[in-house]
Amino acid sequence: MLVYPSGIDVSSSALRFLEQQLRRHRRTIGSHWRRLSAGRQALLTLAHLRVGHTYAQLAAGFGVGTTTAYRYATEAVDLPAALAPGLTDAVRTASAKAYLLLDGTLLPIDRIAADQPFYSGKHKRHGMNVQVIADPFGRLLWASPALPGAVHDIRAAREHGIIDALAEAGIPCWADKGYRGAGGTVRIPCWGRWETLSAGQQAVNRSHAKIRALVEQAVATLKSWRLLRKLRCSTTRITSLVQAVLTLHLTSSG
């Protein structure tokens, strides 16, 4: 395999943060020698998450075995994943915001037609449902654990406790029609076909769409970590990957 130098569009603060976590972890478990330093292991992991390089590509680029690359990346992903903010923490942080934006996104996975629980009828593909909360400017604040793609947005929001948490905090939240019936502080567009809506309802929906559109920036932020654009790992690992990405993003943007 050919190897060439390349760059990763990630803040150096994310690299320093992950390196510090790895150094602390190595001291805790008493690991005195590794094929790669903590800094190189952190860089390998960022290349995996941000660029989506396979373990074989990482192994060739960093001069280690494929199994070692897998083990290093898995170990490094679990550290920031464990530090990801919970929903309660995210809502507390967002309590000063005028309102929040809520949306669901599908992370594509490589599953076959037989894996029905992962098939999203809305997106017509297999994937994992992740709920995203953003501030009024479209900045990513929180991403939920991943659920099978067949789970609808409203059900996912209820299972994660998002609706109750926002209602308890009294924070208004803008969402799309997929959250119809959510209640609480969740606001959705007026229901019905466009031509059957009154002029006032159409104006409300246009205003709602302009406000809610910024949540797409938060979704794009999540998927700028290209590994999440097509996941080929076990579905049991996807939540850890999402939480690691969330922590690294918040660390580098804070």
Side-chain angles (χ1 to χ4, degrees), residues 7-15 17 46 49-52 80-81 83-87 89-109 120 122-123 125 127-147 149 152-154 156-157 160 162-163 165-166 169 171-180 182 185-189 204-231 238-239 241-254:
I8 307 175
D9 56 340
V10 177
S11 170
S12 59
S13 60
L15 177 63
F17 169 79
L46 291 178
L49 293 172
R50 188 70 174 189
V51 188
L83 301 175
L87 177 60
D89 297 327
V91 170
R92 186 184 304 114
T93 301
S95 59
K97 308 293 183 182
Y99 58 89
L100 296 177
L101 306 173
L102 172 64
D103 198 10
T105 187
L106 189 79
L107 303 182
I109 59 175
S120 169
K122 175 183 177 181
H123 298 276
R125 65 190 308 177
M128 300 293 284
N129 180 301
V130 172
Q131 297 294 298
V132 172
I133 294 178
D135 71 6
F137 300 98
R139 291 182 294 235
L140 177 64
L141 298 178
W142 183 76
S144 74
L147 293 175
H152 293 264
D153 285 338
I154 179 63
H160 296 308
I162 297 172
I163 297 169
L166 294 175
I171 305 175
C173 175
W174 265 252
D176 63 22
K177 292 181 180 179
Y179 296 88
R180 184 187 184 193
T185 58
V186 177
R187 302 177 182 179
I188 65 168
V204 168
N205 281 9
R206 279 193 292 266
S207 176
H208 188 284
K210 289 179 181 179
I211 294 173
R212 201 193 66 80
L214 289 175
V215 75
E216 296 300 333
Q217 293 184 16
V219 173
T221 295
L222 193 65
K223 292 187 176 181
S224 66
W225 299 76
R226 287 180 278 280
L227 182 68
L228 300 183
R229 296 180 187 177
K230 185 60 181 290
L231 291 153
I238 295 176
T239 291
L241 292 171
V242 172
Q243 292 176 333
V245 164
L246 176 63
T247 299
L248 291 170
H249 167 70
L250 294 176
T251 299
S252 60
S253 62

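FYI, the numbering just counts along the sequence from 1. These numbers were taken from a predicted model, which means no experiment stands behind them.
- Using modelled atom types, no side-chain atom of His208 and backbone atom of Asp176 make a donor-acceptor pair closer than 3.5 Å.
- A pairwise comparison of heavy atoms in Gly104 and Asp153 identifies CA-OD1, 3.6 Å as the closest pair.
- With Ile133 as reference, Leu102 is the one residue of Leu102, Asp103, Ile171 to meet the side chain to side chain contact (heavy atoms under 4.5 Å, CB included) rule.
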Step by step, would you call Trp225 with Leu46 a side-chain contact (heavy atoms from CB on, under 4.5 Å)?
-> CA-CA 9 Å; Trp225 299 76; Leu46 291 178; 4.1 Å; yes

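- When atom types are taken as modelled, the side chain of Ser144 and the backbone of Gln131 share a donor-acceptor pair closer than 3.5 angstrom.
- To the nearest 0.5 angstrom, Leu250 atom CG is 11.0 Å from Leu83 atom CG.
- Residues Ala14 and Ser252 share a closest heavy-atom pair of CB-CB, 4.1 Å.
- For His152, the NE2 atom is loosely surrounded, since the number of other residues' heavy atoms within 6.0 Å does not exceed 12.
- Not a single donor-acceptor pair under 3.5 Å links the side chain of His123 to the backbone N or O of Pro108.
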Starting from the C-alpha separation in whole Å, work towards a yes-or-no answer on side-chain contact (heavy atoms from CB on, under 4.5 Å) for Leu15 and Val10.
-> CA-CA 8 Å; Leu15 177 63; Val10 177; over 6 Å; no

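- Other residues, nucleotides and ligands contribute only 12 or fewer heavy atoms inside 6.0 Å of the CZ atom of Arg125.
- Contact between Leu87 and Ala165 at its shortest, heavy atoms only, is CD2-CB, 3.9 Å.
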Stepwise, does the side-chain contact (heavy atoms from CB on, under 4.5 Å) test hold for Tyr179 with Ile162?
-> CA-CA 11 Å; Tyr179 296 88; Ile162 297 172; over 6 Å; no

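- Put simply, the residue from Val242, Leu147, Ile109 that forms a side chain to side chain contact (heavy atoms under 4.5 Å, CB included) with Met128 is Ile109.
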Anything under 3.5 Å between a donor and an acceptor, one on a side chain of residues 210-223, the other on a protein residue two or more places apart or in another chain? List them.
residue	atom	partner	partner atom	Å
Thr221	OG1	Gln217	O	2.9
Lys223	NZ	Thr105	OG1	3.0
Lys223	NZ	Leu106	O	3.0

Which is it for Leu248 and Arg50 under the side-chain contact (heavy atoms from CB on, under 4.5 Å) test, yes or no, and what are the steps along the way?
-> CA-CA 11 Å; Leu248 291 170; Arg50 188 70 174 189; over 6 Å; no

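- The distance from atom CG of Leu166 to atom OG1 of Thr185, rounded to the nearest 0.5 Å, is 5.0 Å.
- Pairing each heavy atom of Leu231 with each of Leu227, the nearest pair is CD2-O, 3.4 Å.
- Across Ala156 and Asn129, no two heavy atoms sit closer than the pair CB-OD1, 3.7 Å.
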Show me the donor-acceptor pairs, under 3.5 Å and distance only, between side chains in residues 134-142 and residues at least two apart or in other chains.
residue	atom	partner	partner atom	Å
Asp135	OD1	Phe137	N	2.9
Asp135	OD1	Gly138	N	3.0
Asp135	OD1	Arg139	N	2.8
Asp135	OD2	Arg139	NE	2.7
Asp135	OD2	Arg139	NH2	3.0
Trp142	NE1	Pro85	O	3.2

